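The model shown is predicted, which means the values in this text are computed figures rather than measured ones.
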Protein chains: 2
Amino acid sequence: MTTINDIAKMANVSRTTVSRVFNNGYVSEDVRKRIMKIVEETGYTPSLSAKSLRTKKSGVIGVILPKISTETASRVVSGINEVVAKENFQILLTDTELKKEKEIEYIRLLKSRHVDGIILLATNINADLIKAISAADLPFISIGQDLPGVTSILYDDYHAASDLTNLLVANHHKKIAFIGVGEEDPSVGRQRKMGYLDTLAKTNLPIREEWIEEGDFSIESGYECAKKIIRNSEKNLPTAIFAVTDRMAIGAMEYLREQGYSIPQDIAVAGIGASTMSKHLTPPLTTVDYYNKDAGKKAAQLLLAQMVQKKDKEKYTQTYRLIKRDSV
Amino acid sequence: MTTINDIAKMANVSRTTVSRVFNNGYVSEDVRKRIMKIVEETGYTPSLSAKSLRTKKSGVIGVILPKISTETASRVVSGINEVVAKENFQILLTDTELKKEKEIEYIRLLKSRHVDGIILLATNINADLIKAISAADLPFISIGQDLPGVTSILYDDYHAASDLTNLLVANHHKKIAFIGVGEEDPSVGRQRKMGYLDTLAKTNLPIREEWIEEGDFSIESGYECAKKIIRNSEKNLPTAIFAVTDRMAIGAMEYLREQGYSIPQDIAVAGIGASTMSKHLTPPLTTVDYYNKDAGKKAAQLLLAQMVQKKDKEKYTQTYRLIKRDSV
DNA sequence: CTGAAAGCGCTTACAG
DNA sequence: CTGAAAGCGCTTACAG
């Protein structure tokens with residue numbers, strides 16, 4: 001491995017001067033040329049560990065994901081990457097496999113790797129997490145959950161769910177079932193459910209326990225929830241099912257189709273997420289686009305801004321867009 | 001930021017001793033305990049940049065992706081992560097956005113970041129790339145292309161394509177159209193096409209130019225290719241379309257459906273990739289599962305092995321599995 | 001415009 | 001079992 005000392009020797013200058021040509025210091029034109037020539041011949045690139053040790057900056061930002069192979073995650077990462085790559089930052093990727101202890105573990109790890117900042121796709125809120133974040137004392141952005149004291153990019157779960165429910169109501173549905181997830185996830189589990197519940201209450205529509213089930217984000221759980229809903233309410237079937245994620249909506253559609261119900265004539269279905277799949281289902285799924293990639297971009301921009309200058313913690317709410325398709 | 005010197009001072013030992021408790025050297029039980037107590041109180045974690053500068057190992061492996069938000073890529077990354085995370089490695093992620101110069105740029109960058117190894121999801125083969133890889137002189141694995149002199153994990157594109165074509169033939173199709181991609185991509189562009197062509201030749205089936213189109217991996221391009229095929233062969237329509245990726249197959253299905261053809265009665269469709277979507281389309285798409293996640297795992301294992309001990313370059317061919325569904 | 005020197009936070013022979 | 005010293009490859013005041 002060739003180092004700055006090698007280059008300095010070959011160019012007959014001090015390593016200070018070599019360093020300066022890489023850090024826009026004053027260097028005379030001919031010396032600069034002489035050095036650059038040697039740099040190119042040798043293929044020298046400065047050791048970023050040494051640089052990072054010295055400058056306390058690594059040019060790396062840490063990203064903590066609940067699960068890598070998920071469309072939402074990959075969209076967000078793609079958005080993050082798009083903006084940070086332009087500033088010559090790289091992403092250090094980390095996957096909690098949905099275990100919340102790992103979020104904390106990775107925050108520490110990322111810190112010891114001297115990342116310049118962290119973006120967390122949050123799935124829950126707990127005191128230890130908040131503590132770990134503030135202990136890290138690093139530019140930090142959370143996406144998807146409103147973490148106290150942390151700059152957060154939020155999806156407008158409550159209103160998205162209300163709007164979707166209202167859309168169902170506007171399409172003359174009066175019996176609307178719901179497939180949600182656990183409330184450990186305040187955004188997806190709680191806010192979306194509240195949006196559904198409040199809308200029904202406001203429009204004086206019935207809220208029935210047999211129409212409400214809880215899945216775990218998977219397609220299979222959507223299938224199972226739909227099955228339970230249908231079986232538990234045979235005498236009084238809902239005419240629409242609102243699932244809080246596209247994947248669960250797809251599972252539900254699958255079950256309904258198997259049972260010979262036609263969508264949307266017998267039962268309408270709607271989801272959230274605007275997955276690529278949603279568009280290509282038969283019928284195409286009504287859903288909500290959360291602009292995940294933009295959320296990633298925004299997060300990256302805020303992070304970069306925080307790295308330059310500490311800011312007060314802020315909360316940003318992403319816009320969303322209802323996509324009405326033939327499943328409703 | 002607390003350093004090893006702070007801990008040493010607080011524990012009244014030399015920093016050598018502190019270092020030893022983290023690197024399993026001999027340290028007496030009480031000293032070790034004394035140190036660990038302080039470590040926990042202060043939340044000290046060793047600076048990985050300093051460690052990396054000193055040891056020339058970073059605990060980071062670089063991954064170069066053609067595009068982050070792609071199902072194949074995220075599956076592979078998930079497989080890689082699963083095995084390297086167990087060994088306490090992290091992934092430094094890099095996205096070429098399909099520009100091949102960036103592959104080379106990132107190899108250099110990753111090298112200067114002192115990654116311990118690199119995994120490249122390769123999309124093309126060229127001399128500069130090979131040169132950059134050998135110049136990096138790092139454990140290196142390529143996935144998806146057979147790079148000369150580089151340990152590679154290969155998909156069995158030729159046989160997968162032959163098998164799929166044969167499946168179509170076995171289902172009494174004699175006029176089989178093809179949607180491929182450019183031959184700059186030897187695996188997807190060339191091998192898959194050869195598998196198709198050779199099978200037709202062997203079974204004495206017609207190969208017609210109007211039935212062969214070239215897309216760019218996108219759903220839209222699949223749509224456009226199907227349109228061209230249908231328009232250019234109105235008098236002699238194919239009874240099946242084989243697209244080399246699921247996404248292009250989906251685009252093709254879309255066009256066919258729009259035009260009122262029913263699948264598979266009028267025209268059958270098959271793809272490659274076993275995307276999640278393929279299963280949930282109507283009708284479900286016949287495709288090939290390449291076990292991308294396993295490919296990622298395998299790549300990671302080989303990389304880890306190479307880091308321990310330099311090995312001869314080897315070639316591994318992944319198994320695949322035909323998934324026959326109702327689109328055929 | 002250029003260089004000598006100090007120092008970032010670690011690990012690793014070497015010596016005891 | 002423990003410590004003093006050297007050194008990994010950089011950057012950055014400081015001085016000229």
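B:Asn126 and B:Glu184 share no donor-acceptor pair across their side chains, judged by distance under 3.5 Å alone. Between the side chains of B:Tyr155 and B:Asn292, at least one donor-acceptor pair of N or O atoms lies under 3.5 Å.
Summarising the geometry, the separation between NZ on B:Lys57 and P on C:dT11 is reported as 14 Å, rounded to the nearest angstrom. Rounded to an integer number of Å, the gap from B:Ile4 CD1 to C:dT12 P is 11 Å. Atom-to-atom, CD1 of A:Ile35 to C1' of C:dT2 comes out at 10 Å; the value is rounded to the nearest Å. For A:His114 and D:dC10, the NE2 to P distance is 17 Å, given to the nearest whole Å. Across the protein-nucleic acid pair, A:Asp30 atom CG and C:dC1 atom C1' stand 10 Å apart, rounded to whole Å. Atom P of nucleotide D:dG9 and atom CZ of B:Arg113 are separated by 18 Å, given to the nearest angstrom. In this structure, OH of B:Tyr26 is placed 17 Å from C1' of C:dG16, rounded to the nearest angstrom.
Counting all heavy atoms, side chain and backbone alike, B:Tyr316 lies closest to B:Lys298 at CD2-CE, 3.6 Å. Between A:Tyr291 and A:Gln318 the shortest heavy-atom distance is O-NE2, 3.5 Å. Of all heavy-atom pairs spanning A:Ser187 and A:Gly144, the tightest one is OG-O, 2.6 Å.
DNA chain C lies under 4.0 Å from at least one heavy atom of each of the following residues of residues 8-23 of chain B: B:Arg15, B:Thr16, B:Ser19, B:Asn23. Residues from residues 39-54 of chain B that place a heavy atom under 4.0 Å from any atom of DNA chain D, listed by number: B:Leu53, B:Arg54.
Environment of NZ in B:Lys67: sparse, with no more than 12 heavy atoms of neighbouring residues, nucleotides or ligands closer than 6.0 Å.
Between D:dT11 and A:Lys56, no contact under 4.0 Å exists linking OP1 or OP2 to a side-chain N or O.
Each of A:Thr70, A:Leu120, A:Thr72, A:Leu93 was scored for a side chain to side chain contact (heavy atoms under 4.5 Å, CB included) with A:Leu65, with one residue passing: A:Leu93.
Contacts classified as salt bridge (Lys or Arg N to Asp or Glu O under 4.0 Å) and involving residues 43-62 of chain A (residues at least two apart or in different chains) are not found. Sorted by first and then second residue, the salt bridge (Lys or Arg N to Asp or Glu O under 4.0 Å) pairs with a member in residues 138-155 of chain A read A:Asp146-A:Lys315; sequence neighbours excluded.
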Original post:
Taking it one step at a time, do B:Lys99 and B:Glu97 satisfy salt bridge (charged side-chain N to carboxylate O under 4.0 Å, His left out)?
Top reply: CA-CA 6 Å; B:Lys99 293 174 198 131; B:Glu97 295 160 344; 3.2 Å; yes

**OP:** Let me have DNA chain D in dot-bracket notation, would you? Count Watson-Crick plus G-U wobble pairs, both distances under 3.5 Å, and use [ ] for pairs crossing earlier ones and | for inter-strand partners.
**Re:** |||.||||||||.|||

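A:Ser14 meets the side chain to side chain donor-acceptor pair (under 3.5 Å) test with A:Thr17; sequence neighbours excluded.
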